[in-house]
Amino acid sequence: MDLFDRRRRHPGRRRDRELPVLDFPITPASSTAPSRWGRYRQILDDLFLSINDDGGNAANKQRKRCRREKEPVESIISAGQILDAPGLQDGDHLNLLDWSPSRNLAIVLDDVVHSLNPGTSAHEIVFDYMGSSISSLSWAPDGRHLAVGMHDSLIYIWDVERKCPTRTLRNVHCRSSRVGSLAWKCDNILTSGGSDGRVVNSDPRMPSAAHVVQSYRGHGPGDICGLKWSPGHASSKQLASGGSDGLVHVWDARNQNQWAFRFKVAARDASVRALDWCPFKGCLLATGGGVGGDGKSNGSIRFWSTQTGACVRSVKTGSTRVCALMWSKNSEQFLSSCRSTDQDHMTLWDYPSCVRTGELVGHVAPYLALSPDGTTVASASGGIDSTLRLWNIFPPVPKPTSRALFSGSYHAHIREQE
């Protein structure tokens, strides 16, 4: 089933909403003195009050103008490109969208993996399996191989260029376990989370009997909804895993027997899939939870230090659940996708002030993916919406500026004088 461009909008188009400035002039009180000296006093009082009134109003206007300039104005942001995505499934236990380092965007529609290059509009089917349903996918760092997790516990390593599987990982999870989340630690280590509550590291290069190299245990029975490795060197990385038990575990890559930290993010039976590591501060983890069976709201975004285990900051979104979170690579901003009973919204925030700077209108997506250059966000939503949208919201990487050496210009100036 093909993806096609339904309509285009200007990517940088924003409508700024100006804040009104209210001005209340002060009217001087009149004197009622009947005498001649009282009349003179009233004239002088009215004169001084009018001078002070004009100066006071001018000062108030200046203060309000400065305050208005300092306060961030929330912008309304529209999608730069909208594509139809029929057959996309929504679910807290699914991860069906990912962007490769080679600029190919993979999405699962009707249990078929489609690859789309937004820059060239090239589109092809890269994985079509007639057996079990697809529950997760993740691009390898080389941009050539795609890991696909299935509902029957199988994991396929697919060569996109040759369009054939290079490896099938079996017995990683229980036979009836759904592989709901995948994350690559490096080129050769794939981390998977299943509905059996296990988090497993596998090496596809190893033989079938020895491809499981590490296993993390700590979550209760239920789905592992989110997996993210922290930025940095492979030996010093930390793994964050969110489960359907409302907990987020942080694991040290060198210790599989015990988690480093465990954070209570949501209710006991609420899923935690919204988590992401800060790219400019590797020990900072952002998390968001869902709604449990008791109906309690967990629509707050919390920021955790994985050095101390403390919650360093928290912001209320006004929603009942946080579906997805994403940090910007090139600026201190992050994006949240939230749902509530009365209004859904995708919001752009500044960090560490946690002030809203933009509102993405059109839909709310449980799936988010970031382009390799860090400027474009892809959001996908199923159900009635069933669209894939591209948003140009993050700034590009600043280019380094080159300037002449001071010593060379100085000597050249001396030579010109001689």
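Note that the numbering runs from 1 along the sequence shown for the chain.
Between S133 and R178 there is no side-chain heavy-atom pair separated by less than 4.5 Å. Residues F303 and L284 form a side-chain contact, since some pair of their non-hydrogen atoms from C-beta on lies under 4.5 Å apart. Residues T191 and V199 are in side-chain contact: their nearest non-hydrogen atoms beyond the backbone lie under 4.5 Å apart. At least one side-chain heavy atom of K264 sits under 4.5 Å from a side-chain heavy atom of L247. P86 is not listed as a side-chain neighbour of D110, based on a closest heavy-atom distance of 4.5 Å or more. Taking 4.5 Å as the limit, every side-chain heavy atom of L116 sits out of range of all side-chain heavy atoms of I107. V160 has its side chain out of reach of N104: every pair of non-hydrogen atoms, C-beta onward, lies at least 4.5 Å apart. Between L335 and W391 there is no side-chain heavy-atom pair separated by less than 4.5 Å.
For residues 144-164, the ring pair (Phe, Tyr, Trp, His ring centres under 6.0 Å) pairs, not counting sequence neighbours, are F127-Y156, F127-W158, Y129-Y156.
Here the closest heavy-atom approach between residue I155 and residue L182 is recorded as CD1-CD2, 4.2 Å. Closest of all the heavy-atom pairs between S319 and H345 is CB-NE2, 3.9 Å. Of all heavy-atom pairs between S381 and V364, the closest is OG-O, 3.4 Å. Contact record, V265 with R302: O-NH1, 3.3 Å, taken as the closest heavy-atom pair. S300 and V322 get closest at one heavy-atom pair: O-CG2, 4.1 Å. Residues R313 and C354 approach most closely at CD-SG, 3.4 Å, considering heavy atoms.
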Go through it in stages, so that I can follow the logic: the residues are V250 and W304, the test is side chain to side chain contact (heavy atoms under 4.5 Å, CB included), and I'd like the CA-CA distance, side-chain angles, deciding distance and then a yes or no. CA-CA 10 Å; V250 176; W304 308 86; over 6 Å; no
Check the pair S271, R273 against side chain to side chain donor-acceptor pair (under 3.5 Å), reporting the backbone distance first and the verdict last. CA-CA 6 Å; S271 300; R273 188 166 61 87; over 6 Å; no
Start with the C-alpha gap between I301 and S336, add the side-chain angles, then the distance that decides, and say whether side chain to side chain contact (heavy atoms under 4.5 Å, CB included) holds. CA-CA 9 Å; I301 302 173; S336 66; 3.7 Å; yes
V172/V179 under side chain to side chain contact (heavy atoms under 4.5 Å, CB included): CA gap, chis, key distance, verdict: CA-CA 9 Å; V172 177; V179 183; over 6 Å; no
Assess whether side chain to side chain contact (heavy atoms under 4.5 Å, CB included) is satisfied between R321 and D92, documenting all intermediate values. CA-CA 11 Å; R321 58 187 294 191; D92 293 334; 2.6 Å; yes
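Rounding to the nearest 0.5 angstrom, the gap separating the CD atom in Q307 from the NZ atom in K281 is 7.5 Å. H363 NE2 to D385 CG: the interatomic distance, rounded to the nearest 0.5 Å, is 6.0 Å. With rounding to the nearest 0.5 angstrom, the NE2 atom of H219 is 4.0 Å from the CD1 atom of I224. Rounding to the nearest 0.5 Å places CG of L227 at 7.5 Å from OG of S192. Residue L348 holds its CG atom at 7.0 Å from CG of D350, rounded to the nearest 0.5 Å. The OG1 atom of T320 sits 9.5 Å away from atom CZ of R339, with the distance rounded to the nearest 0.5 Å.
Using a 4.0 Å cut-off between charged side-chain N and carboxylate O, D203 and R205 make a salt bridge. In this structure, D373 does not pair ionically with K329, as no charged nitrogen and carboxylate oxygen lie closer than 4.0 Å.
With hydrogens and angles disregarded, a donor-acceptor distance shorter than 3.5 Å links the side chain of D245 to the backbone of G220. D90 contributes a side-chain N or O that, together with a main-chain N or O of G382, makes up a donor-acceptor pair within less than 3.5 Å. In terms of modelled atom types and a separation under 3.5 Å, the side chain of S100 and the main chain of S102 share a donor-acceptor contact. R167 places a side-chain N or O within 3.5 Å of a backbone atom of M206 that can act as its donor or acceptor partner. Side-chain N or O atoms of D252 include none that pairs as donor or acceptor with a backbone N or O of A260 at under 3.5 Å. Not a single donor-acceptor pair under 3.5 Å links the side chain of S337 to the backbone N or O of M346. A donor-acceptor pair under 3.5 Å is formed between the side chain of D196 and the backbone N or O of R198. At least one donor-acceptor pair under 3.5 Å links the side chain of D111 to the backbone N or O of I134. Between the side chain of W277 and the backbone N or O of P231 there is no donor-acceptor pair closer than 3.5 Å. Listed for the N188 side chain is no donor-acceptor partner under 3.5 Å among the backbone atoms of P204.
If you run side-chain hydrogen bond (donor to acceptor under 3.5 Å, both in side chains) between S241 and each of Y216, W259, W251, only W251 comes through. L190 pairs with exactly one of I157, V200, V213 by the side chain to side chain contact (heavy atoms under 4.5 Å, CB included) rule, that one being I157.
Counting heavy atoms of neighbouring residues, nucleotides and ligands inside a 6.0 Å radius, atom CD of E124 exceeds 12 of them.
Between S177 and S195, the side chains place a donor N or O and an acceptor N or O closer than 3.5 Å (distance only, hydrogens not considered). A donor atom on one side chain and an acceptor atom on the other are not found under 3.5 Å apart for S244 and H93.
Ring orientation note: the planes of F334 and Y351 are nearly perpendicular, at an angle over 60° on the 30°/60° scale.
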